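A short worksheet on the structure shown next.
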Amino acid sequence: MHRIVLASNSPRRKELLAGLDIPFSVRVLDGIDESYPPMLSPVDIPQFLAKNKAEAYKSTMADDEVVITADTVVVLDEEVLGKPADRADAVHMLKELSGKTHQVITGVCLTTTSTQRVFGVTTEVTFKAFTDEEINYYVDTYKPMDKAGAYGIQEWIGYVGVTALNGSYFNVMGLPVQRIYAELQKMGILFIELEKKLK
């Protein structure tokens, strides 16, 4: 029986992983390098960073552990939008996203002491055209400085602004849990006995 370790301090990722009814613990290491080669394609960046994070955890792992590392980026017209530096940056990002379709890409790495699976999941999100008042209200009320692209789809801006979504909603929140569940099954790591649950 493998023990699952989520290598993230994100409350959203903790909430999403908990939704799979899989017991897990959280382990967070400080000082992990999150830079990437400038020539890397935007679609490859999250997987590169997820794998890079996994390398930092290898020395802490027990033989029966699976460590989950992940990284999410927002991509608009081949430009990567990370976490905003300040309020003005958040407002600028949301103005750029307003009325357009962008991609949210999450790279995930599942690591044991003997194997590793790396994959990426992409979701297309379309926003309506926001007014300046709407953007200012969202930034001042929800302060999305810790979110790639300066927004959380599960917050007010997602409720009023998302006009179309192609792919996994949970991926946009930061963790493609359906794909993680499927990949863990492929690795032969099963957590729940559905027969018992159904009785």
Side-chain angles (χ1 to χ4, degrees), residues 1-75 80 82-83 103-124 146-149 153-154 166-199:
M1 184 71 174
H2 282 79
R3 292 180 295 148
I4 306 302
V5 178
L6 176 64
S8 173
N9 223 6
S10 163
R12 292 169 297 281
R13 287 188 177 136
K14 292 177 192 174
E15 176 189 349
L16 289 169
L17 191 58
L20 293 180
D21 288 347
I22 296 171
F24 67 94
S25 60
V26 174
R27 186 179 305 156
V28 179
L29 300 179
D30 294 324
I32 296 177
D33 180 17
E34 295 197 23
S35 61
Y36 52 85
M39 74 289 298
L40 208 59
S41 165
V43 73
D44 295 325
I45 290 170
Q47 292 184 61
F48 175 89
L49 291 173
K51 190 173 182 180
N52 198 45
K53 289 177 182 178
E55 291 301 314
Y57 283 85
K58 278 190 173 179
S59 63
T60 73
M61 291 178 60
D63 289 340
D64 65 343
E65 289 183 333
V66 183
V67 172
I68 301 174
T69 51
D71 198 89
T72 302
V73 298
V74 171
V75 180
V80 175
K83 296 174 183 176
Q103 292 76 44
V104 180
I105 308 170
T106 300
V108 178
C109 188
L110 307 177
T111 305
T112 70
T113 53
S114 59
T115 62
Q116 191 172 68
R117 283 180 180 260
V118 186
F119 56 90
V121 175
T122 299
T123 304
E124 286 191 344
D146 63 334
K147 298 177 177 67
I153 194 170
Q154 72 279 9
N166 182 18
S168 167
Y169 172 85
F170 299 117
N171 183 54
V172 184
M173 281 182 67
L175 205 62
V177 283
Q178 185 277 334
R179 179 70 182 275
I180 288 173
Y181 182 80
E183 294 292 336
L184 288 169
Q185 283 188 314
K186 288 177 188 175
M187 294 170 73
I189 301 166
L190 302 176
F191 310 97
I192 56 175
E193 296 181 46
L194 293 177
E195 295 82 3
K196 287 184 179 179
K197 285 218 163 200
L198 292 171
K199 287 179 181 177

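Just so it is clear, the model here is predicted, and its values are computed rather than measured. For the numbers below, each heavy atom of this structure counts, side chains included, while hydrogens, waters and symmetry mates do not.
- In this structure, the side chains of Ile68 and Arg13 stay at 4.5 Å or more apart for every pair of heavy atoms.
- Here the closest non-hydrogen pair linking Asn171 and Val121 is ND2-O, 3.1 Å.
- The side-chain heavy atoms of Ile153 and Arg12, taken from C-beta on, include no pair separated by under 4.5 Å.
- Closest non-hydrogen pair, Ala70 versus Leu175, comes out as CB-CD1, 3.9 Å.
- For the atom pair OG of Ser168 and CD of Gln178, the computed distance is 7.5 Å after rounding to the nearest 0.5 Å.
- Checking Thr123, Asp71, Thr72 one by one against Thr106, the side chain to side chain donor-acceptor pair (under 3.5 Å) holds for a single residue, Thr72.
- Going from atom CD1 of Ile45 over to atom CG of Asn52 covers 12.5 Å, rounded to the nearest 0.5 Å.
- For the atom pair CD (Glu55) and NZ (Lys53), the distance works out to 13.5 Å, reported to the nearest 0.5 Å.
- Closest approach of Thr111 and Ala54 over heavy atoms only: OG1-CB, 3.4 Å.
- At a threshold of 4.5 Å between non-hydrogen side-chain atoms, the residues Met187 and His2 do not count as touching.
- Applying the side chain to side chain contact (heavy atoms under 4.5 Å, CB included) test between Leu110 and each of Leu184, Val118, Ile4, Ile189 identifies Leu184 as the sole match.
- In the displayed structure, Asp64 atom CG is contacted under 6.0 Å by more than 12 heavy atoms of other residues, nucleotides or ligands.
- To the nearest 0.5 Å, atoms CD (Gln154) and CD (Glu15) are separated by 7.5 Å.
- Between Met61 and Thr113 the shortest heavy-atom distance is CE-N, 3.7 Å.
- For the pair Arg27 and Tyr57, the cation-pi test (distance below 6.0 Å, angle within 45°) is failed.
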Side chain to side chain contact (heavy atoms under 4.5 Å, CB included) for Val80 and Tyr36? Distances and angles first, verdict last. CA-CA 12 Å; Val80 175; Tyr36 52 85; 4.3 Å; yes

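- Contact between Thr60 and Glu65 at its shortest, heavy atoms only, is O-OE1, 4.0 Å.
- Formation of a donor-acceptor pair under 3.5 Å by the Thr69 side chain with backbone atoms of Ala50 is found in this model.
- The CZ atom of Arg117 sits 13.5 Å away from the NZ atom of Lys51 when rounded to the nearest 0.5 Å.
- Annotation for Ile105 and Pro42: closest pair CD1-O, 4.2 Å, computed over non-hydrogen atoms.
- In the displayed structure, Lys14 atom NZ is contacted under 6.0 Å by more than 12 heavy atoms of other residues, nucleotides or ligands.
- Note that CD of Glu183 and CZ of Phe119 are 5.0 Å apart. Values are rounded to the nearest 0.5 Å.
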